[in-house]
Protein chains: 2
Amino acid sequence: METAVDLPDDALYNIAAVERDTGLSKDTLRVWERRYGFPAPVRDQHDERLYSTGQLEKLRLLRLLIDYGHRPGKIINQSNAELAQLIASRAPEQTPPADIAALLDLLTSHDADGFRNALLQALMKQGLLRFVTETVAALNHWIGEAWIAGKIAVFDEHLYSEHVQNILRNAIIAQPGRGSAPRVLLTSLPGEKHRIGLLMVEAVLIAEGGACVALGTETPVIDIKNAVPAYRADVVALSFSSAFTQNAALAGLSELRTLLPDSIEVWGGGGALARARKAPAGTLLLRSFDDMRYALERWRVERAQR
Amino acid sequence: METAVDLPDDALYNIAAVERDTGLSKDTLRVWERRYGFPAPVRDQHDERLYSTGQLEKLRLLRLLIDYGHRPGKIINQSNAELAQLIASRAPEQTPPADIAALLDLLTSHDADGFRNALLQALMKQGLLRFVTETVAALNHWIGEAWIAGKIAVFDEHLYSEHVQNILRNAIIAQPGRGSAPRVLLTSLPGEKHRIGLLMVEAVLIAEGGACVALGTETPVIDIKNAVPAYRADVVALSFSSAFTQNAALAGLSELRTLLPDSIEVWGGGGALARARKAPAGTLLLRSFDDMRYALERWRVERAQR
DNA sequence: TTTCCATATTGTCTTGGACAGAAGTGGCTT
DNA sequence: AAGCCACTTCTGTCCAAGACAATATGGAAA
């Protein structure tokens, strides 16, 4: 599954592009440069920053390590190779299980039809719930690893996302009936663009017999608030990938909590919240799909008692 | 179909929350305050900005009008009522045909299941090709109109997008076989986030028996270039909604043309190019789905002769 | 061990100046 | 009229350097 990623080595990126590609704010990029001396981009004729491909690469590695609990000041002056080493040492198991490796091979050999068929076959064999919680979750993880290792091309990742969306949405629409309570309104806040996570949640909800109103990504809080009565939702569930910072995710959950009546539950999950210690008052953190299934069950028991 | 936005009057928002909720950057919020005197937020004990509910509301109205083509300096000092008036005056008096109106009614009455079923029914009745080129195209148009008139809620638009994606992807995956040449690589450039247009194109391509490699939205040009040999594409097709400016779309087509070998065709379509007079040398503008079907046919005839 | 507090680290906010690129305007030619 | 070019205005984004809130760390006390 070796894929040379063909990045032009001489490409230069302005600060907005780097913010978009790394998730680090412009303010953060400037203050790192001031404090730590990295990144030290060259300047154009108007003194505006231009970041190199190597700097962008290192910033991605730093972002990943920081998400895993390292602190910027401790690691920012290490070389790309040392950082990659640090990442590698974090995961002792180096190779994915055979079934996942087979799927990755199809993807990185650009066999779109083969990849699609293999995914469909896995879905048939496992059923929706296991397909999502095992195969898709593992694929997400290992594609992330391959991405860090530079072993997967950007366009293969795009193709992966498209095919998984096709299959999940196909499964979602194929599900008969309307589902029973609770009715969960599912979306993400502005800035959170990852759709796969949302679709996985939707699929699990439906497989558990729940009713789901999916609004896609990036719904402003106010609009979520207005959607709740319109769709008579019982629960609002938000997904935060690790593209979000933990603080931003917690702040979003809190804001939504203050806007909604107490009778509506607020759930949050995803990579950005995986390390969060405690949930904002009146909200629920879901750290796994099992957590979500328990939350669903708990809701049903509690409401049945009333 | 009237949407009242209902906010707590006494809430205060910091600048990051306003950025998230309005999509206006912090820099923009500060420079508007400096230049136009609006918004003029109160300050907390540390001189940090706190925006009121009314300011947030007005910012959202401004954002809507600016997206529609108004200029900030001209409208920023009008009252909320005047801005709402301006939005209302945009509403054309035309009405959609009955079948589209029925679908819109289901959507704006928040009947998600009814809307889904009506879409499915239309698909069954019309077949994929007519469903896409007639029903979905008309729905897009009339939802755009309703949005400008402020007659449709943000969350209803989100729900619409999700359901149409579900149905189109379902139809795409249900299509048997691999399709015949040409193999079309389909995506959009960074900045272009509209997915429905891409899915419509993919559905039409598949309905015409073509082979399609869909990379989703926002693929950087360099990655498109790398994807072409990897997937052995014959044609690259790009979609530009009217969120793109015409010049930016034409520049993107030109850049891609120079990067790819002459044997690969470059096609462009979508709202941003609807008014373009002539295509960049060596590229093809598709102004309708029929144009695309002709282009497909022409490619097949030309290649058959060789 | 757990809890608590002082200290260090880190991200976000502040101001006011600058300027590139988009949008609008006017005059000229076809 | 309609296209096209040059000129002006408008508008979003970038800059620097300082400040401080929020979080994490590390050691002392319970």
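Note that this is a predicted model, so its numbers are computed, not measured. Convention: sequence-line order gives letters A, B, ...; per-chain numbering from 1. Note: hydrogens, waters and symmetry copies are ignored here, and every other heavy atom, side chains too, is used.
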Length of the line joining Arg71(A):CZ and dA8(C):P, which is rounded to integer Å: 13 Å
Please walk me through it: do Val18(A) and Tyr13(A) pass side-chain contact (heavy atoms from CB on, under 4.5 Å)? CA-CA 6 Å; Val18(A) 175; Tyr13(A) 306 85; 3.9 Å; yes
Taking the minimum atom-to-atom distance to the side chain of Lys26(B), which one of dT25(D), dC13(C), dT12(C) wins? dC13(C)
Do Arg43(B) and Glu48(B) have side chains that approach each other closer than 4.5 Å (heavy atoms only, starting at C-beta)? no
Between the protein and nucleotides 15-18 of chain D, which nitrogen or oxygen pairs are less than 3.5 angstrom apart?
{"unit_1": "dC15(D)", "atom_1": "OP1", "unit_2": "Arg49(A)", "atom_2": "N", "d": "2.8"}
{"unit_1": "dC15(D)", "atom_1": "OP1", "unit_2": "Arg49(A)", "atom_2": "NH1", "d": "3.0"}
{"unit_1": "dC15(D)", "atom_1": "OP2", "unit_2": "Arg30(A)", "atom_2": "NE", "d": "3.0"}
{"unit_1": "dC15(D)", "atom_1": "OP2", "unit_2": "Arg30(A)", "atom_2": "NH2", "d": "3.2"}
{"unit_1": "dC15(D)", "atom_1": "OP2", "unit_2": "Arg49(A)", "atom_2": "NH1", "d": "3.1"}
{"unit_1": "dC15(D)", "atom_1": "O5'", "unit_2": "Arg49(A)", "atom_2": "NH1", "d": "3.0"}
{"unit_1": "dA16(D)", "atom_1": "OP1", "unit_2": "Arg43(A)", "atom_2": "NH1", "d": "3.4"}
{"unit_1": "dA16(D)", "atom_1": "OP1", "unit_2": "Arg43(A)", "atom_2": "NH2", "d": "3.2"}
{"unit_1": "dA16(D)", "atom_1": "OP2", "unit_2": "Arg49(A)", "atom_2": "NH1", "d": "3.1"}
{"unit_1": "dA16(D)", "atom_1": "OP2", "unit_2": "Arg49(A)", "atom_2": "NH2", "d": "2.5"}
{"unit_1": "dA17(D)", "atom_1": "N7", "unit_2": "Arg34(A)", "atom_2": "NH2", "d": "3.0"}
{"unit_1": "dG18(D)", "atom_1": "N7", "unit_2": "Arg34(A)", "atom_2": "NH1", "d": "2.9"}
{"unit_1": "dG18(D)", "atom_1": "O6", "unit_2": "Arg34(A)", "atom_2": "NH2", "d": "3.4"}

Rounded to the nearest 0.5 Å, how far apart are CD1 of Ile75(A) and CG of Leu65(A)? 4.5 Å
Atom CG of Leu65(A) and atom P of dA24(D) are separated, to the nearest Å, by 17 Å
Rounded to whole Å, how long is the line connecting atom CZ of Phe38(A) with atom P of dT10(C)? 15 Å
Side chain of Thr28(A) only, please: which of dT12(C), dG12(D), dC13(C) is the nearest? dT12(C)
Asn14(A) CG to dG21(C) P, straight-line distance once rounded to whole Å: 11 Å
Out of dG12(D), dA23(C), dC13(C), which has the shortest distance to the side chain of Trp32(B)? dG12(D)
Nearest whole Å is fine: how far is dC20(D) P from Gln45(B) CD? 12 Å
If only side-chain N and O atoms of Ser25(A) are considered, is one of them under 4.0 Å from the OP1 or OP2 phosphate oxygen of dG11(C)? no
Whole-Å distance separating the NE2 atom of His70(B) from the P atom of dT11(D): 12 Å
How long is the line joining CZ of Arg63(B) and C1' of dG12(D), in whole Å? 12 Å
Could you state the NZ-P distance from Lys74(B) to dA23(C), rounded to the nearest angstrom? 15 Å
The test is side-chain contact (heavy atoms from CB on, under 4.5 Å); show your working for Val31(A) and Tyr36(A) and say whether it passes. CA-CA 8 Å; Val31(A) 88; Tyr36(A) 311 121; over 6 Å; no
Under 4.0 Å between a Lys/Arg side-chain N and an Asp/Glu carboxylate O for Arg30(B) and Glu33(B)? no
